[in-house]
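Below you'll find the structure, written out as structure tokens, and then a few comments.
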Amino acid sequence: MVIKLADNIYSPLGATTRANYDAVMEGRTMLRQYSLPDGSLYTASLFPEEERHDGETYTFFEQLCIVSASDAIARADIDPSSDRVRFFLSTTKGNVYLLAEGKEERALLGTSATLICRHFGNPNPPVVISNACISGVSAQIVAMRSIEAGLCDTAVVIGCDVQSEFIISGFQCLHALSPDPCRPFDRDRCGLNLGEAAATIVYSGQWPATNGHPWVVAAGAMCNDANHISGPSRTGEGSYRCLQALDINPSEIAFVSVHGTSTLYNDEMESIALERAGLSDVPLFSLKGIYGHTMGAAGVLETILSMQAVEHGVVFGTRGFEHVGVSGKVTVSADARTTDRHSFVKLMSGFGGCNAAMLFKACPPAEEFVTNAQSPVSSESTQAGSTLTRIRLTPSDGDLADLYRTHVGDYPKFFKMDPLARLGFVASEMLKKLKSENMAQDTSYGVLLFNRSSSLADDKAYQATIADHANFFPSPSLFVYTLPNIVTGEIAIRNHFQTETNFMVLDSLRPRVIAEQAALAAQHSAMITGWVDYMDDSHYQAILLMVPQGTAMETIEEKINQIIQ
Amino acid sequence: MEELILQLKKQIIEVLNLEDVHPEDIDENAPLFGNEGLGLDSIDALELIVLMEKNYGIRLQDPNQGKEIFKSVAVMADYISKNRTK
């Protein structure tokens, strides 16, 4: 049983959850129109210019995380310096704008996460979940599993992204931005608005001493479309499978808080997935018409506001929506209405083909609850682990394109991939060939990868296309790879893995953390998991393992340690 | 026109990372997208829009225009020769 202790939203609309809920109910938004160096217009919800500055110790991005987390931690009344507390940071691009100043090390996500953890005196290694637009929901699922497995008693989930020319020009060159306020699910929608915010949820395995509105995480699921790295599935496959996995009773659900980015394809895809899942009559709303797409913050921010809505007996409206413009049968909540139901679904999808959904329930009185017995991951050991198939690739193994020609050869899309995706792809193909005979023969492998550099090599290549304002030609094919989880999507597409895919960034190669999360994520017959880090063509390393379900954490950790020694 | 078609083929091969494809392998009248020909996808189409603007000063406001213009290398070359500003 995982229970919410406290939360915070720090957005351009206010510095607390309450201020943000009030703003939404009053119909306020900070969406304003701006322009890029090439003159193209976009609309975004941004913090005022005078608030956006990097401090000596903490960047603007890190300050937002710390302010938001401080408020939530104080409300939760927990000691963040305890080793029983873990921090999970959800972000896609963190300090990426620092690349324009050549500050590579400072732009790394692990650097930010370490600084944030240290600020709170937390001794555990921070984990960054960077799984494109679903990061905020992925992070909550990871936190839930970590608590249930007894890795920690309390989890602090912080979601945050700030906007910069890097991100905005990227979405612009993908023709994904609307110049005007976005119109989720509307027939006239023509793209998304970007936004920035930080949001924090504190979860616990213990029933809180005092809590006016306890919330329980009932279930969470992630599933890849295995269709395309930037376009969602036409049949809503991944989102549909996530919704199926939640085991939802539609008559109990107050609403579905959808992703609703207001792009043609996303909203269409969600409508099809919702209809297929039997949720046509459950009202849905999108908050993008108020906050824009806050990326790494979105999954956390929208979950918190949805909890607020249920607590106030409200289903939000969808700002910007007038006429239905999707083919799946859905009930779009145009204007706020009342509800007496106590649970809701949060749905997200993102680049790399990933999808996620969670089911939340407002708690009945505490005495009705029986706390689940905790089952530490380490207690289950299977023989399967002793024969873990694994592979290690470094520059000394030869050029990646040559390895592709020797070991794969039948997938020309390889040459369109960025170096990180090439490394992960080639390593996964070679791993499959090594697969030991006692592995299950079905293809439902999950994919969970880790690294330190995120998508740094591709980030730098993309940055070079926007560095000169007089010669400003942002590259769409580079931009789509500026998310580290695209490599998991490439592996899923290649193998038709409609399974859980996720990507985490660490401050360094930590076998223990990889083993913990891989053991927890093994929802399928096996996982492809490990380290895929690419800095430049002479500094990269892939360590991949094929991990059967039920493999003990210790076995995975031991195997990684053997490989790196 | 022959010269423009050859130049365009070279530029397409370069920006789309078409490994092991040479200008003479591309039939200028064959479809660029779909399962035939080069089998390009939606991100390639966006990259071609950038190519048109960067090299020929042609700015397509609506990506849907690309569907007509990117039918084949020959159609693309024809459009460029009529609309180029550099």
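Sequence lines set the chain letters: A, B, ... in the order given, protein chains first and strands last, and positions in each chain run from 1.
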Legend entry - Closest non-hydrogen atom pair, A:Phe473 against B:Val50: CB-CG1, 4.0 Å
Legend entry - NZ-CD distance between A:Lys416 and B:Glu47, expressed to the nearest 0.5 angstrom: 9.0 Å
Inset, instruction - Output yes when B:Glu19 and A:Lys413 qualify as a salt bridge under the 4.0 Å nitrogen-oxygen rule, no when they do not. - result: no
Legend entry - Sub-4.5 Å side-chain heavy-atom contact between B:Leu60 and A:His175: no
Legend entry - Least distance between heavy atoms, B:Ile43 atom then A:Ser230 atom: CD1-OG, 3.4 Å
Legend entry - Gap separating the OG atom of A:Ser477 from the CG atom of B:Leu16, nearest 0.5 angstrom: 7.5 Å
Legend entry - Heavy-atom contact with chain A under 4.5 Å, split by part of B:Leu18: side chain
Inset, instruction - Kindly indicate whether the side chain of B:Glu53, heavy atoms from C-beta on, has any atom under 4.5 Å from the side chain of A:Asp38. - result: no
Inset, instruction - Could you look at B:Leu51 and say if it's the side chain, the backbone, both or neither that has a heavy atom under 4.5 Å from chain A? - result: neither
Inset, instruction - Take atom CD of B:Glu3 as the centre, draw a 6.0 Å sphere, and report whether it contains more than 12 heavy atoms from other residues, nucleotides or ligands. - result: no
Inset, instruction - Enter the distance from B:Lys54:NZ to A:Phe472:CZ here, rounded to the nearest 0.5 Å. - result: 12.0 Å
Inset, instruction - Can you establish whether the number of heavy atoms outside A:Arg234 located under 6.0 Å from its atom CZ is more than 12? - result: no
Inset, instruction - Working to the nearest 0.5 Å, report the span between CD1 of A:Ile229 and CG of B:Asp41. - result: 7.5 Å
Inset, instruction - Give a yes or no on whether B:Lys82 atom NZ has more than 12 heavy-atom contacts from other residues, nucleotides or ligands under 6.0 Å away. - result: no
Legend entry - Separation of A:Phe414 CZ from B:Asn17 CG (nearest 0.5 Å): 11.0 Å
